[in-house]
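Note sheet for the following structure.
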Amino acid sequence: MSALEFDDHGLQFTDIRSGKSIRLMQGFQERTEVFSRCRRVLIKVGSAVVTGPKGLDRVMIHRLSDQIAELRGRSARMDVLVVSSGAVASGMHRMGLTERPRTIPQKQAAAAVGQGALMEAWEAAFDKYDLLVAQVLLTSEDLSNRHRYLNARNTLETLLSWGILPIINENDTVVVEEIKFGDNDHLSALIAGLVGADLVINLTDIDGLYDNDPRLHGSAKLIPLVQRVDAKVLACAAPEPGTVGTGGMLSKLNAARKCLAFGIPMIIAPGKQRDVVLRLFDGEQLGTMFVPRERAYSGKKVWLANLPKPAGEITLDDGAVTALIKKGRSLLPIGVREVKGIFGVGAPVRCIDKNGKQVGIGLTNYKSTEIDNIKGRHSEEIEKLIGYKHSDEVIHRDNFVVTSETV
Ligand code: GLU
């Protein structure tokens with residue numbers, strides 16, 4: 001007889017032959033599926049993993065490269081991308097700074113000093129496997145502009161097809177906002193969407209998501225599986241990052257939410273544990289896994305959903321909100337109440353409901369001034385009102401993505 005018992009953290013049962021009590025973590029099956037299907041993995045390495053009190057932790061970088069080389073050796077069809085933090089922390093150490101710089105120029109200077117050393121460390125670590133690495137530095141602007149977004153994707157795809165390992169970081173040195181607001185958790189989610197990764201492994205200095213801050217509460221329990229990043233899950237996060245990196249658990253959860261919206265599983269795992277990446281692929285139940293229910297966006301919609309700065313704002317009436325969200329319809333002039341901002345044809349705009357809540361983002365078929373003229377009117381009147389008619393819709397449904405649950 002086997003005794004089965006479910007609790008919050010998994011399935012407990014007694015093995016019939018050995019009589020031993022065995023625990024399968026919640027999400028065991030989901031994990032097995034994710035890892036067995038994975039052909040393209042993005043591994044995000046936090047500053048707390050690759051740097052230590054003496055600057056770059058070359059031993060850790062070597063250990064990670066050993067695991068990545070083995071992973072690629074196991075399957076010829078496995079693409080690996082790395083998003084590596086550590087430029088600022090490494091630069092700080094090289095300049096003899098003991099505290100993280102406070103001003104933006106100091107952070108940028110530290111990143112400029114540290115990025116070269118960071119790449120050199122990764123390059124040296126992969127050299128022994130004759131594995132070429134490529135430095136890819138991106139800014140959020142690169143991903144906001146559709147042409148640059150596609151260029152970045154082509155470059156990454158070319159590198160992967162040549163068997164080269166992209167080592168990606170934010171281009172901290174040139175973009176103020178990147179350091180001020182950006183973090184590599186967010187960047188990793190965006191890159192995962194860009195390249196259509198099958199999995200993101202976010203390696204950090206803690207074991208995963210706990211139901212309480214484990215630094216303060218000894219009784220905090222690790223949550224093995226999350227399928228939706230809702231208020232309850234967000235409440236588990238400590239907002240404060242550690243001393244060396246930019247993101248904290250909250251930024252990891254926001255990244256997880258993005259990944260789930262793309263239909264990409266993400267796992268938060270302890271980066272310093274020996275062979276953590278290989279053990280995960282071997283089925284060991286480490287960390288917290290975020291598993292999407294279904295693939296939500298693809299192609300252009302992934303890009304649209306992540307535009308950091310839409311060019312304007314359109315307020316919709318209730319009918320339009322229902323048509324867009326529930327029926328997957330296009331936005332017609334009759335559903336527009338108000339237009340804000342000056343923008344041209346093809347501009348990305350935020351669509352909000354009458355209470356100011358974001359409904360989605362779309363590319364417009366008309367200029368802001370034209371939309372102002374046709375708002376609240378029937379599509380048959382467009383030509384009469386602005387002198388021509390490009391289309392019946394202000395935003396076609398193929399160019400619209402619902403984000404109300406994801407931002
Ligand atoms: N890009 C920063 C660096 O390399 C780190 C950002 C982060 O910690 O998320 O130092």
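Side chains are part of it too, since the values below use all heavy atoms of this structure and drop only hydrogens, waters and symmetry mates. Throughout, residue positions are numbered sequentially from 1 according to the sequence presented. When a ligand or atom number is given, it counts from 1 through the structure's own listing order.
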Side chain or backbone, does Asp185 bring an N or O within less than 3.5 Å of an N or O on ligand 1? no
Is the shortest distance from a heavy atom of Ala111 to ligand 1 less than 4.0 Å? no
Does the pair Lys354 and Asp317 meet the rule for a salt bridge (charged side-chain N to carboxylate O under 4.0 Å, His left out), with working shown? CA-CA 6 Å; Lys354 61 177 194 280; Asp317 71 9; over 6 Å; no
Numbering the atoms of ligand 1 from 1, which are under 4.0 Å from a heavy atom of Ser85? 4 (O), 5 (C), 7 (C), 8 (O), 9 (O)
Under a 3.5 Å threshold, yes or no: a donor from one side chain and an acceptor from the other, between Ser379 and Asp392? no
Quick one, Arg329 with His396, criterion side chain to side chain contact (heavy atoms under 4.5 Å, CB included). Give me CA distance, side-chain angles, the key distance, then yes/no. CA-CA 8 Å; Arg329 298 251 174 86; His396 191 273; over 6 Å; no
One residue to check: Asn184. Relative to ligand 1, which of side chain, backbone, both or neither has a non-hydrogen atom less than 4.0 Å away? both
Beyond-backbone contact of Tyr366 with Thr364, side-chain heavy atoms, under 4.5 angstrom: no
Go through ligand 1 atom by atom and flag the ones less than 4.0 Å from a non-hydrogen atom of Asp172. 1 (N), 2 (C), 3 (C), 4 (O)
If you count the atoms of ligand 1 from 1 in the order shown, which ones are under 4.0 Å from a heavy atom of Ala87? 3 (C), 4 (O), 10 (O)
Can you tell me if Ile342 has over 12 outside heavy atoms packed within less than 6.0 Å of its CD1? no
Just which atoms of ligand 1 are under 4.0 Å from any heavy atom in Asp183? 9 (O)
